[in-house]
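In what follows, a structure is listed as structure tokens, so that the remarks can point back to it.
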Amino acid sequence: MLDRKLLQRDPAGVARALALRGSPVDVVEFTVLDGRRRALLVEIEGLKSERNAVSAEVAAHKRAGKDASPLIERMGIVNARIRELDQALDAVQAEERAWILSVPNMPHASVPVGRDERDNPVIRAWGEPPRFPFAPKEHWELGESLKGLDFGRGAKLAGSRFVVCRHWAARLERALANFFLDVHTREHGYTEMLTPLMVNRETMTGTGQLPKFADDLFKLENWDYFLIPTAEVPLTNLHAAEILEEKELPLAYAAQTPCFRSEAGSYGKDTKGLIRMHQFTKVEMVRLSHPERSYEELEIMRGHAEALLQRLELPHRVVALCTGDMGFAAAKTYDIEVWLPGQNCYREISSCSNCGDFQARRANLRFRPAGGGKPEYLHTLNGSGLPVGRTLVAILENGQREDGGVAIPEALRPYMDGLKAIEPD
RNA sequence: GGAGAGGUAGCGAAGAUGGCCGUAACGCGCCCGACUCGAAAUCGGGUUACCGGUUAGUCCCGGUACGUGGGUUCGAAUCCCACCCUCUCCGCCA
């Protein structure tokens, strides 16, 4: 949610910033609604002030044993007017709220301007894509021939975009999640959390999935609950409507959860393999930051995600999302892309965003400055660290051998009973 | 699912016959000051958030908020209705 005060003060500036995202927003609508809201408020508050004063007079009259009926009669008219105006105000407020909740965040000044993913600059690359003396296979071929990934049975049990992991693949999932969480909690300072996997409407609104992106979510029938598409949702909303102490910041949380996504509108994209599933496991990092330090913390968090890839010896690069390619709530985003030899390209494996105070306003996340004074909105950050399925894809494709076996990265072996490679039959 | 109790400031709580009770008694915490070499103890003072008007201003003025949403009333923490949450007991259940 954008700052109402900023929208009032500089609507043209807000419109310019939003236009950089490529989805122009009619800020005049807001100006009109907000003007009407404030005009109504002034009138209503005046009448309510009168009513409060007269009610006190009524009380005084009654205590003194005097007749208060002329006063009461007069208030009947005032009350009818208040009722009428209150209804008008409710309608305007609902409209204004709907407007402001559907408007995306403004890009930070440091975000490169561009139209789409082709304009995302590469910030840096780590590791050399491996060269194979044979044609590298894609991960689903490897996973199926090594009898770890069973897409057929996933489809039988649930449908397309579901998989069954068997034996070493199931174990590898568990190993990766544990490895990620161990590094984050032991070395990166995150507190591990276990949260509800389904949340209410308010929580989904706090991070920005609702009201605009309901189609991307799985919703429970007969319950106003939604399956989380990422642990960002419960973790960011953890302190909703609280006022934290400045000295508590930054708060850093990590959680491993299944994530559920409808993938509406992605028909035909990544239909094979693990890249785009309705259900996948992910370790997510969330930071609640002091507003003055959030951009430093974005760099730190992006480093935490990269560190995992480096330990797993997976070549990757970092791109900065341009203004036209950023998500709804983000003020600035880095994507980390891992090299996939089978696909012969870099694919997104982590997205690290600073949402500024956008989610904090929606979820009412505030802190009290150290010296006392007014509570301020904090800044929220989230980053994948990392999605388990896509990491498994990268391990399979980068570690593959000509005979169809796959080497397990050194860092993961303690989590795999020392297993050095997945061997074909 | 059934029965009961409860939800008021950072915390514990008072208020429930509708009006002088909402920056809200009382206690704790926190902040400032006095005392002290310093501290503790003690004493004095302060300490909700949001919206609007206004402003040089965190001043001032008005409005709103007692779990949430409605209703009754000139006036609701207080009366009525619905819902949510917490606790206790019973039932069911991994």
Side-chain angles (χ1 to χ4, degrees), chain A residues 1-9 11 30-101 194-206 210 220 222-226 234 237-249 251 288 291 357 359-378:
Chain A
M1 189 160 82
L2 298 180
D3 181 3
R4 205 193 291 264
K5 292 262 159 51
L6 181 65
L7 275 161
Q8 291 164 355
R9 200 171 350 105
F30 172 85
T31 308
V32 170
L33 287 170
D34 194 61
R36 270 169 58 201
R37 178 179 68 90
R38 286 194 281 173
L40 280 167
L41 265 180
V42 169
E43 195 175 350
I44 289 169
E45 286 175 5
L47 292 171
K48 286 189 175 172
S49 177
E50 185 185 349
R51 181 173 72 187
N52 289 343
V54 173
S55 289
E57 270 184 71
V58 171
H61 277 233
K62 293 214 164 168
R63 248 179 282 117
K66 287 194 275 183
D67 176 27
S69 54
L71 291 173
I72 291 172
E73 213 167 294
R74 200 176 105 216
M75 278 306 97
I77 300 156
V78 173
N79 272 335
R81 182 71 181 145
I82 288 175
R83 190 176 289 257
E84 200 177 297
L85 292 172
D86 262 338
Q87 274 173 14
L89 180 66
D90 282 348
V92 170
Q93 277 175 335
E95 259 190 275
E96 190 176 340
R97 184 174 157 75
W99 187 91
I100 205 162
L101 284 180
L194 192 66
T195 70
L197 304 179
M198 50 185 104
V199 299
N200 60 31
R201 189 173 291 273
E202 198 181 354
T203 300
M204 280 295 183
T205 307
L210 292 178
L220 268 71
N222 300 327
W223 294 82
D224 208 22
Y225 291 154
F226 300 81
N237 281 284
L238 213 56
H239 297 286
E242 294 179 22
I243 300 175
L244 301 167
E245 294 298 325
E246 181 171 348
K247 61 172 187 281
E248 296 179 79
L249 302 179
L251 287 170
L288 304 184
D357 62 8
Q359 293 176 324
R361 287 179 188 285
R362 291 177 160 246
N364 207 6
L365 291 164
R366 292 175 296 171
F367 70 96
R368 193 177 299 281
K374 287 266 163 204
E376 291 176 41
Y377 290 110
L378 43 79

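Every chain is numbered from 1, with letters handed out A, B, ... down the list of sequences.
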Spacing between [X] atom [atom1] and [N] atom [atom2], to the nearest angstrom:
X: A/His239; N: B/G10; atom1: NE2; atom2: C1'; result: 16 Å
X: A/Asp34; N: B/G52; atom1: CG; atom2: P; result: 7 Å
X: A/Asn79; N: B/U72; atom1: CG; atom2: P; result: 11 Å
X: A/Ile82; N: B/G62; atom1: CD1; atom2: P; result: 16 Å
X: A/Glu245; N: B/G10; atom1: CD; atom2: C1'; result: 8 Å
X: A/Leu89; N: B/U64; atom1: CG; atom2: P; result: 12 Å
X: A/Gln87; N: B/G71; atom1: CD; atom2: P; result: 9 Å
X: A/Lys48; N: B/A65; atom1: NZ; atom2: C1'; result: 11 Å

What integer number of Å spans the [atom1] atoms of [N] and [M]?
N: B/C28; M: B/G45; atom1: P; value: 14 Å
N: B/A65; M: B/A76; atom1: C1'; value: 13 Å
N: B/G70; M: B/G91; atom1: P; value: 40 Å
N: B/C11; M: B/G67; atom1: P; value: 14 Å
N: B/G19; M: B/C80; atom1: P; value: 15 Å
N: B/C89; M: B/U8; atom1: P; value: 22 Å
N: B/C43; M: B/A49; atom1: P; value: 28 Å
N: B/G12; M: B/G7; atom1: P; value: 11 Å

Legend entry - Test log, rule side-chain hydrogen bond (donor to acceptor under 3.5 Å, both in side chains), inputs A/Asn52 and A/Ser55: CA-CA 5 Å; A/Asn52 289 343; A/Ser55 289; 5.6 Å; no
Nucleotide nearest [X] when distance is taken to its side chain, options [options]:
X: A/Asn52; options: B/G63, B/C74, B/G52; result: B/G63
X: A/Ala59; options: B/G63, B/G75, B/G19; result: B/G19
X: A/Met75; options: B/C74, B/G52, B/U64; result: B/C74

Legend entry - Closest-nucleotide 5' rank along RNA chain B - winner of A/Ile72 and A/Asp90: A/Asp90
Inset, instruction - Between A/Ser55 and A/Glu73, name the one whose nearest nucleotide on RNA chain B is closer to the 5' end. - result: A/Ser55
Inset, instruction - Please check if atom CG in A/Leu220 has more than 12 non-hydrogen atoms from other residues, nucleotides or ligands closer than 6.0 Å. - result: yes
Legend entry - Gap separating the CG atom of A/Asn364 from the CD atom of A/Glu202, nearest 0.5 angstrom: 10.0 Å
Legend entry - Value rounded to 0.5 Å, distance of CZ in A/Arg37 from CD1 in A/Ile44: 11.0 Å
Inset, instruction - Describe the nucleic acid contact of A/Arg361 in one word from base, sugar-phosphate, nothing, applying a heavy-atom distance below 4.0 Å. - result: nothing
Inset, instruction - Scan A/Val58 against the nucleic acid and name what it touches under 4.0 Å (heavy atoms): base, sugar-phosphate only, or nothing. - result: base
Under a 4.0 Å N-O cut-off, is there an ion pair linking [X] with [Y]?
X: A/Arg81; Y: A/Glu43; result: yes
X: A/Arg4; Y: A/Glu96; result: yes
X: A/Arg74; Y: A/Glu50; result: yes
X: A/Asp86; Y: A/Lys48; result: yes

Inset, instruction - Respond yes when some side-chain nitrogen or oxygen of A/Arg83 is under 4.0 Å from OP1 or OP2 of B/U72, and no when none is. - result: yes
Inset, instruction - Determine: side-chain N/O of A/Arg74 to OP1/OP2 of B/C74, distance under 4.0 Å, yes or no. - result: no
Is there side-chain contact between [X] and [Y], with at least one heavy-atom pair below 4.5 Å?
X: A/His239; Y: A/Arg366; value: no
X: A/Leu210; Y: A/Phe226; value: yes
X: A/Val58; Y: A/Ile72; value: yes

Nucleotide N/O of nucleotides 47-51 of chain B paired with protein N/O under 3.5 Å:
| unit_1 | atom_1 | unit_2 | atom_2 | d |
| --- | --- | --- | --- | --- |
| B/A49 | OP1 | A/Arg368 | NH1 | 3.1 |
| B/A49 | O3' | A/Arg366 | NH1 | 3.1 |
| B/C50 | OP1 | A/Arg366 | NH1 | 3.2 |
| B/C50 | OP2 | A/Lys374 | NZ | 3.2 |

Legend entry - Pairing string, 5' to 3', for RNA chain B - Watson-Crick or wobble contacts under 3.5 Å, brackets [ ] where pairs cross, | to another strand: ((((((((.[[[..)...(......]]]((((((.......))))))((((((......)))))).[[[[[..)....]]]]])))))))....
